[in-house]
Amino acid sequence: MTITMSNKNEILQQKLAEAKLGGGPTRIEAQHKKGKLTARERIHFLLDDGSFEEIGALVTHRCSDFGMSEQQVLGDGVVTGYGTIHGRLVYVFAQDFTVFGGSLSETHAEKICKIMDLAVKNGAPVIGLNDSGGARIQEGVSSLGGYADIFYRNVQASGVVPQISAIMGPCAGGAVYSPAMTDFIIMVENTSYMFVTGPNVVKTVTNEDVTSEELGGAYTHATKSGVTHLVAANDVECIEKIKRLLSYIPQNNMDRVPNLSYTLGEEYRPALDSIVPENPNHPYDMKAVIAEIVDADSFFEIHEQYADNIIVGFARLAGRSIGIVANQPMSLAGVLDVNSSKKAARFVRFCDCFNIPLLVLEDVPGFLPGTDQEWNAIITNGSKLLYAFSEATVPRVTVITRKAYGGAYDVMNSKHIGADMNFAWPTAEIAVMGAKGASEIIFKKEIESAPDPQAKLAEKEREYADTFANPYRAAARGFIDEVIWPRETRRKLIRAFAMLEHKAVARPQRKHGNIPL
Ligand code: HXC
C-alpha cells in the first residue's frame, strides 16, 4: 500500500497486526497442537501485565537467495523487548517457531544482540526463550556470524547481568552454545531437545540408534549430562520457574537481592536435635535439615536430578536470599565425586558473581575412590570446587552436621579457604578419615601381632574415634568457631549472615584467575 497523509495510521496498524501474527494462523495452530505456546503468548505469561515494550517488530531479513525476497515476515522470527517481572526490569527474546521454524538469520541475531547490549548497559537480566531450527539455512555464513555475535555477548555479559535460557523447542547444532554459556538452562519435557549433532548424524558416524528425546531431551540433560539446571512439565510451568528463580537473584553484579520483610521470632527448631542417626553409617535426608533451617517453603533446588550426592539451590533466611551447597548422605553417603564437584563449583561461582551469600551444610566422608573417578579427572574436577570456594568473596558460613573427612573437609568451605563462620554440631566428626580405616593403617603391626586382631582393631577404632570423631579438636584449634546445638542452627545462621551483610574483601588486581577447567 502506498503511504499517503490519510492512510498513515492505517498502515502502521496493519504492519503491527501483521507482525503479531508471525507465521500465520495455520502455523500457530500447529504450534499449539504440539502443546507449545507461541513466542508472544510466552512473553505474555512471563512479564507483568501490560509491561512488555517490543523492540524491532518491523525488522525483516536481508536475504535474497532461494526466493527469500518474496518471503518476508515482520519481526523475522524473534520477538524482542523489555518489561518487568514482579516490578523488576528484564530483557527478553522469544524465538518464533512459526516463522521459518524460528531459525536464526543475520537480522534475527541483530535483534537479540540489541537487547543483550541494552541489558548490559542498564544492568538487568536477559531471558532467552529458545525455539528454533538453528541457523537459517538459506543465509549460510551470515547466520553463523549472527550466532557468533550472540556467543561473544553471552561471554561479555557473564557475571555482569544474570542470563537465563529456556529451551522450549528444538535447539541444535552450534546454537546450543549460547544457552550453555548463560547462567541457567531450563528445558520443557517432551517438546524440547538440545544436541550438537542430531540422531541422523549420530547414526552415520557412530552407528548408534537413538531418538531426539533420548539423545537430548529434558530428562537426559537433567539426569545424565547436567546440561539443564531445571525441567518443567510444560511451557507455563517453565515460565513460572523462571520467575521464581529470578526472585532469588539480583539485577546485576553491582546489585543485591532485595530482602523480604521478616519479623524475627525465637527461631529454634527442636526437630534438628534428632535428625542425625546414632549410627554414623546410617543416612539421613539433608533436605529435611534444609527445610528446618530456611524460611518456610523457600528452598528452590537447582540441578535436582543430577549428581544428587550434593544439593545446591537458593533459599531465604529471615527474608535474605542465600545459596546453599549441602552434601546429601542419602546418595553415595554424600561423597564428593566428579559430577558433584562440577555441579557445586558452578553454583558457588554463580552466587559469588551475583553477591548471594553461601551456606554450606557438610556431611562428607571424602572423595569417591576408583578408576572411574581417577580416569575422569577427579583431581581436576574436585579442584574446581576448591577453587570456586577459595575465590568467593561473598559471606560464607559452614555447618558441619556429621562427617568432615580428609581433603573434603578442606574443600567444603573450611575456615582455611576463607569461610567466615564455621559451626559444628556435637555430632560432627572432623578427621583425616573414618576411625576404622585410620586404625587399620596406623596400628597395622599392633593389630596383626595381637592374639585377637579383630578385638584389637575394635579397641583401636574406639580409641581413634574418641580422639577425633568429634568437633572439639577442631574447635580447640579455632577451625570451628562454635559448636552449637542443632536446634539453634537457624538462629545462629540468621545472626551470622546479618553480621556479614557488609563483608568486603580486597583481592590483588589480576586479569582473571585460571580455574582448572
Ligand atoms: C530455515 C527452517 C529451518 C532452518 C526449519 N525451517 N528449520 N528454515 N532454516 N534451519 C522451516 C521449515 O522449512 C518449515 O517451513 C518450518 O521451519 C517448520 O519446520 P518443519 O520441518 O515443518 O517442522 P518440524 O517438523 O517440527 O521440524 C522441526 C526441525 C526441522 C526438527 C527443527 O525443521 C529441522 O530439522 N530443521 C533443520 C535443522 C537444522 O539442520 N538446522 C541447522 C542446524 S546447524 P514451512 O514454510 O514449511 O513452515 C546450525 C548451526 C549453528 O544451526 C551454528 C552456530 C555456530
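Each ligand, and each atom within it, is numbered from 1 in the order the structure gives.
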Open item on the list: Could you tell me if K343 sits above the aromatic ring of Y306, with its cationic atom closer than 6.0 Å to the ring centre and no more than 45 degrees from the axis?
Closed with: no
TODO: Indicate whether the side chain of T60 and that of D76 have a donor and an acceptor atom separated by less than 3.5 Å.
DONE: no
In a table with atom names and distances, give each donor-acceptor pair under 3.5 Å that connects a side chain of residues 166-180 to protein atoms at least two apart or in another chain.
residue	atom	partner	partner atom	Å
S178	OG	N154	OD1	2.7

- [ ] Please determine, by modelled atom types, if Q328 and D285 share a side-chain donor-acceptor pair under 3.5 angstrom.
- [x] yes
TODO: Enumerate the protein residues lying less than 4.0 Å from ligand 1, judged by heavy-atom distances, in chain and residue-number order.
DONE: R27, K34, F97, F100, G101, S103, G133, G134, A135, R136, I137, Q138, L144, Y147, F151, P170, A172, G174, A175, Y193
Task: Under the side chain to side chain contact (heavy atoms under 4.5 Å, CB included) test, residues paired with A333 that sit two or more places apart - done: P365
Below 3.5 Å, can you tabulate the donor-acceptor pairs from side chains in residues 307-314 to any protein atom, sequence neighbours excluded?
residue	atom	partner	partner atom	Å
D308	OD1	S331	OG	2.7
N309	ND2	V335	O	2.8
N309	ND2	D337	OD1	3.2
N309	ND2	D337	OD2	3.4

